[in-house]
Chemist: 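For reference, the structure I am asking about is given below.
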Amino acid sequence: MLKAVSHSKNEDSKSVTVYYNNEAAVDWYKKYEHLDILYIIGVRIIAEVMESQVQVKQARILDVAAGTGLTGIEVTKLGFENIDALEPSEEMLKKLPRNVYKNIYKEALDPVKQSSIPNNSYDCLVSTGSVLEGHIEGAHFSEFVRILKPGGLIIFNVSDRYSDFRERLEDDLQALMEDGSLESVTKQRSVYFYNFEDANIYTIRTA
Ligand SMILES: C[S@@+](CC[C@H](N)C(=O)[O-])C[C@H]1O[C@@H](n2cnc3c(N)ncnc32)[C@H](O)[C@@H]1O
């Protein structure tokens with residue numbers, strides 16, 4: 001079994017990007033891609049949840065924290081044609097399949113600064129294995145609301161391993177429900193994308 005890497009509360013997006021730009025981390029990551037079938041199954045399940053919610057194949061989709069593009073690949077296999085990627089790590093981007101994505105944003109989402117993506121751009125944001133400590137956190141969800149069209153969807157998974165983080169995230173989502181930014185937050189049980197971990201898949205609809 002491959003060893004998962006933990007991420008701490010004190011990591012900022014710059015140090016996380018340095019981590020993902022580190023050759024050792026990229027090698028570690030490559031092993032998951034090729035050796036762990038669960039990785040692919042976890043990503044495929046996210047793509048299928050997305051398919052069950054997004055009826056139009058031309059819907060504009062953003063793969064958030066796309067890594068090496070495994071989510072985009074699975075989403076494309078389901079017939080979606082209009083997928084963009086956002087990913088800050090140069091090393092990850094080198095492996096991203098260019099034929100899968102129309103536009104690629106090389107940037108990190110920052111909770112206190114808007115990204116370069118215009119308002120109301122996307123029908124759906126999808127993210128696998130990237131909503132976690134020091135990566136994408138509750139504070140980033142206002143930016144998601146900004147770049148989504150009204151009634152747009154956010155679909156992502158969070159492992160049971162990050163249960164403390166998940167509790168804080170759910171509090172942040174509740175606050176966004178209460179201020180009218182989100183219309184609904186639903187979750188379902190699933191496998192994560194490595195190490196036989198269980199996870200929640202969240203489907204969030206903006207107001
Ligand atoms: C565990 S990888 C998952 C990658 C991909 N979604 C997959 O399933 O293969 C986490 C990714 O999140 C990206 N990331 C971390 N913090 C980020 C941020 N603030 N904004 C955008 N991407 C971020 C990293 O560069 C890395 O590629």
Side-chain angles (χ1 to χ4, degrees), residues 7 11-22 25-26 29 32-33 39 42-43 46-47 49-51 53-54 58-78 80-150 152-158 169 172-173 176 181-182 193 201-206:
H7 296 283
E11 275 177 299
D12 58 23
S13 63
K14 273 206 186 99
S15 63
V16 169
T17 301
V18 168
Y19 167 77
Y20 282 103
N21 269 333
N22 174 298
V26 174
Y29 198 86
Y32 275 100
E33 275 181 41
Y39 198 114
V43 173
I46 289 274
V49 169
M50 204 203 84
E51 184 189 32
Q53 300 290 325
V54 180
Q58 282 73 37
R60 283 204 72 195
I61 296 162
L62 180 68
D63 182 358
V64 176
T68 58
L70 294 176
T71 307
I73 291 168
E74 291 306 313
V75 166
T76 301
K77 285 183 195 163
L78 296 175
F80 292 96
E81 297 164 355
N82 214 349
I83 313 163
D84 295 345
L86 180 138
E87 169 57 48
S89 157
E90 189 66 46
E91 289 301 321
M92 292 291 173
L93 285 171
K94 280 184 193 162
K95 299 177 199 311
L96 199 83
R98 305 287 147 162
N99 57 338
V100 165
Y101 297 100
K102 288 213 159 127
N103 302 296
I104 296 168
Y105 295 92
K106 181 180 178 292
E107 54 190 289
L109 292 178
D110 183 324
V112 293
K113 199 173 136 225
Q114 284 190 3
S115 68
S116 66
I117 301 173
N119 293 355
N120 302 334
S121 292
Y122 289 100
D123 298 293
C124 181
L125 309 180
V126 63
S127 194
T128 307
S130 302
V131 179
L132 70 153
E133 207 84 75
H135 289 52
I136 309 291
E137 304 187 350
H140 292 93
F141 278 68
S142 303
E143 175 66 359
F144 289 165
V145 172
R146 184 186 72 77
I147 66 176
L148 275 168
K149 297 174 189 171
L153 292 169
I154 312 165
I155 297 170
F156 61 95
N157 58 0
V158 186
L169 175 73
D172 290 338
L173 296 178
L176 288 171
S181 302
L182 303 181
F193 67 144
I201 296 182
Y202 293 83
T203 301
I204 294 175
R205 190 174 290 280
T206 58

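Atom set for the values below is all heavy atoms of this structure, side chains included, hydrogens, waters and symmetry mates excluded. Just so you know, these numbers come straight off a predicted model, no measurement behind them.
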Chemist: Which pair of heavy atoms, one from Glu74 and one from Ala47, lies closest together, and at what distance?
Modeler: CB-CB, 3.9 Å

Chemist: Looking only at non-hydrogen atoms, find the nearest pair between Leu169 and Val158 and report the distance.
Modeler: CD2-CG2, 4.2 Å

Chemist: Between atom CG of Leu62 and atom CD1 of Ile147, what is the distance when rounded to the nearest 0.5 Å?
Modeler: 5.5 Å

Chemist: Please examine the side chains of Thr128 and Asn157, heavy atoms only from C-beta on, and report whether any two atoms are closer than 4.5 Å.
Modeler: yes

Chemist: Got Asp123 and Val54 here, is their nearest side-chain heavy-atom distance under 4.5 Å?
Modeler: no

Chemist: Could you check Phe141 against Asp172 for side-chain contact (heavy atoms from CB on, under 4.5 Å), going step by step and ending with a plain yes or no?
Modeler: CA-CA 9 Å; Phe141 278 68; Asp172 290 338; over 6 Å; no

Chemist: I'd like to check Leu93 versus Arg98 (side-chain heavy atoms, cut-off strictly below 4.5 Å). Are they in contact?
Modeler: yes

Chemist: Side-chain contact, heavy-atom cut-off 4.5 Å: Val75 with Asp63?
Modeler: no

Chemist: What pair of heavy atoms forms the shortest contact from Ala66 to Ala85, and how long is it?
Modeler: CB-CB, 3.8 Å

Chemist: What distance do Thr76 atom OG1 and Ile83 atom CD1 have between them, rounded to the nearest 0.5 Å?
Modeler: 3.5 Å

Chemist: What is the distance from atom CD1 of Ile204 to atom CG of Leu182, rounded to the nearest 0.5 Å?
Modeler: 6.0 Å

Chemist: Evaluate the side-chain proximity of Ile104 to Glu87: yes if any heavy-atom separation is below 4.5 Å, no if none is.
Modeler: no

Chemist: Hey, does Val131 have a side-chain heavy atom less than 4.5 Å from the side chain of His140?
Modeler: no

Chemist: Mark yes or no for whether Glu143, through its side chain, and Gln114, through its backbone, hold a donor-acceptor pair below 3.5 Å.
Modeler: no

Chemist: Without swapping roles, check the side chain of Asn82 against the backbone of Gln58 for a donor-acceptor pair under 3.5 Å.
Modeler: yes

Chemist: Find the distance between CD1 (Ile201) and CD1 (Ile155) and round it off to the nearest 0.5 Å.
Modeler: 9.0 Å

Chemist: What pair of heavy atoms forms the shortest contact from Met50 to Cys124, and how long is it?
Modeler: CG-SG, 3.6 Å

Chemist: Check step by step if side-chain contact (heavy atoms from CB on, under 4.5 Å) holds for Ser127 and Thr71.
Modeler: CA-CA 8 Å; Ser127 194; Thr71 307; over 6 Å; no

Chemist: For a side-chain contact (heavy atoms from CB on, under 4.5 Å) check, start with the C-alpha distance between Glu107 and Leu86, then their side-chain angles and the critical distance, and finish with the verdict.
Modeler: CA-CA 6 Å; Glu107 54 190 289; Leu86 180 138; 3.9 Å; yes

Chemist: Grab the two heavy atoms, one from Leu176 and one from Ser142, that are nearest each other, plus how far apart they are.
Modeler: CD2-OG, 4.0 Å

Chemist: Please report the closest heavy-atom contact between Lys94 and Glu91, naming both atoms and the distance.
Modeler: NZ-OE2, 2.8 Å

Chemist: Please list, chain by chain and in numerical order, all residues satisfying ring pair (Phe, Tyr, Trp, His ring centres under 6.0 Å) with Tyr202, sequence neighbours excluded.
Modeler: Phe156

Chemist: Roughly how far, to the nearest 0.5 Å, is CG of Leu125 from CG of Leu109?
Modeler: 9.0 Å

Chemist: State, yes or no, whether a side-chain contact exists between Ile117 and Tyr122 at a heavy-atom distance under 4.5 Å.
Modeler: yes

Chemist: Does the side chain of Gln53 come within less than 4.5 Å of Arg205's, by heavy atoms?
Modeler: yes

Chemist: Can you measure from OH (Tyr101) to CD1 (Ile61) and round to the nearest 0.5 angstrom?
Modeler: 10.5 Å

